[in-house]
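Shown next, in structure tokens, is the structure this report addresses.
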Protein chains: 2
Amino acid sequence: METACALCERLRDNGYSITPQRRTIFEVLEGAHHHPSAEEVHEEVRRRLPDVSLATVYKTLKELVAMGEIRELNFHGDRSRFDPRMDSHSHLKCEGCGRLEDIDDDFAALVPSQRHGFRVKRHEVVFYGQCPDCQKSAPASRKR
Amino acid sequence: METACALCERLRDNGYSITPQRRTIFEVLEGAHHHPSAEEVHEEVRRRLPDVSLATVYKTLKELVAMGEIRELNFHGDRSRFDPRMDSHSHLKCEGCGRLEDIDDDFAALVPSQRHGFRVKRHEVVFYGQCPDCQKSAPASRKR
DNA sequence: GTAGATGCAAACTGTTTGCAATCGG
DNA sequence: CCGATTGCAAACAGTTTGCATCTAC
């Protein structure tokens with residue numbers, strides 16, 4: 001039995017074929033609330049379908065980004081993380097442990113559509129700080 | 001004759017020694033309005049002092065970031081760029097050619113000092129779009 | 001059957017590091 | 001003079017690519 005999978009539908013519409021690898025990657029992404037890196041996606045995918053290669057994960061993530069189905073986030077030296085939420089929202093990033101959380105604030109209202117001659121298409125707001133756990137424990141950083 | 005160099009003073013204050021390499025790197029940074037990457041800093045430094053190594057540039061940039069004298073910016077897949085402006089401001093990034101411009105807007109007013117239990121310390125706002133040149137020319141991207 | 005997808009390993013890019021030689025204070 | 005700084009080359013991490021094999025349709 002094949003679970004419904006929004007991303008599968010989209011892929012099919014765009015003429016891509018649906019392989020077990022892709023299906024699994026999509027399922028992992030759709031259930032991901034923690035902005036996983038490519039490697040984290042890979043690990044989780046392998047837990048369900050052990051022989052998927054990291055290269056396939058990278059290729060698939062790139063396709064999805066190109067199709068506008070997920071976003072790639074690059075905050076300060078981190079590896080890329082992938083975000084299945086496409087609506088306008090902001091991020092809180094812990095400088096201690098690297099945790100990245102969504103916040104629903106949408107600052108679209110302040111976005112100029114034109115600025116310095118630029119045609120502005122989208123914006124990104126990131127708040128950097130310390131998450132609750134990192135405030136409690138040592139003030140130094142822990143993980144990177 | 002040795003030009004005055006704000007960053008040199010700071011370094012000296014912090015007990016670092018002032019070498020010709022560092023002095024040149026600082027001068028390049030202080031005159032940089034285009035958010036150069038490490039490699040771009042290196043090129044410009046070499047134009048003035050030909051034997052400086054890229055490793056030295058990286059080490060020096062890292063020191064400055066650690067000392068809080070410059071900022072490191074990481075936007076979407078780009079290599080790191082370095083910004084000598086430390087006051088609160090935002091950025092406009094052209095998705096065509098990669099050009100990165102400052103905008104003076106300071107959205108500090110909307111920054112919550114506390115959110116989801118996070119202690120928020122700073123924020124970053126980036127607007128993505130097309131610069132005037134890229135609007136005129138082909139709609140496709142050019143440089144990355 | 002065939003175009004497209006996969007997996008592997010090798011290549012690449014940006015960045016960091018170990019270490020011997022060198023230099024600033 | 002001595003510890004800090006440099007340059008080199010090698011190491012690294014994350015990501016991408018070439019290509020032979022395999023698979024969805």
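Rounding to whole angstrom units, CZ of residue B:Phe75 and P of C:dG14 are separated by 18 Å. Rounded to an integer number of Å, the gap from CD of A:Glu63 to P of D:dT16 is 12 Å. Atom CG of B:Leu54 and atom C1' of C:dT15 are 8 Å apart (whole Å). Straight-line distance from the CZ atom of A:Arg23 to the C1' atom of D:dA24: 12 Å, rounded to whole Å. As rounded to whole Å, 13 Å separates atom P of C:dC23 from atom CG of B:Leu49. Note: CG (B:Leu11) to C1' (C:dG25) measures 14 Å, nearest angstrom. If you take CG of B:Asn74 and P of C:dT13, they are 19 Å apart, rounded to a whole angstrom.
Under 3.5 Å, the side chain of A:Lys59 and the base of C:dG4 form no donor-acceptor pair of N or O atoms.
Residue B:Ser80 is the one, among B:Tyr16 and B:Ser80, whose nearest nucleotide of DNA chain C lies closer to the 5' end (criterion: closest heavy atom). Projected onto DNA chain D by closest heavy-atom contact, B:Ala55 and B:Ile18 fall at different nucleotides, the more 5' of which corresponds to B:Ile18.
Distance check: B:Glu72 CD to B:Leu61 CG gives 8.5 Å after rounding to the nearest 0.5 Å.
The pair B:Arg22-B:Glu63 meets the salt-bridge criterion, since a charged nitrogen lies less than 4.0 angstrom from a carboxylate oxygen.
A close approach under 4.0 Å does occur between a side-chain nitrogen or oxygen of B:Arg22 and OP1 or OP2 of D:dT6. Phosphate proximity of C:dT16 to B:Tyr58: absent, as no side-chain N or O sits under 4.0 Å from OP1 or OP2. Distances shown here put a side-chain N or O of A:Gln21 below 4.0 Å from the OP1 or OP2 atom of C:dG7. Contact annotation: A:Thr56 side-chain N/O to C:dA5 OP1/OP2 distance is not under 4.0 Å.
In this structure, the nucleotide among D:dT15, D:dG7, C:dG14 sitting nearest to the side chain of B:Ser53 is D:dG7. Among the nucleotides C:dA5, C:dG24, D:dG7, the one closest to any side-chain atom of A:Ser17 is C:dA5. Candidate nucleotides D:dG14, C:dG18, C:dT6 were compared by shortest atom distance to the side chain of A:Glu39, and D:dG14 ranks first. Out of D:dG14, C:dG7, D:dA24, the shortest distance to the side chain of A:Arg79 is found at D:dG14.
Looking at every heavy atom in both residues, B:Phe82 comes nearest to B:Ala38 through CE1-N, 3.9 Å. Scanning both residues, B:Ala32 and B:Pro84, for their nearest heavy atoms gives O-CG, 3.7 Å.
If you check every strand for non-hydrogen atoms under 4.0 Å, A:Lys62 touches sugar and phosphate atoms only.
Aromatic pair B:His35/B:His33: ring centres not closer than 6.0 Å.
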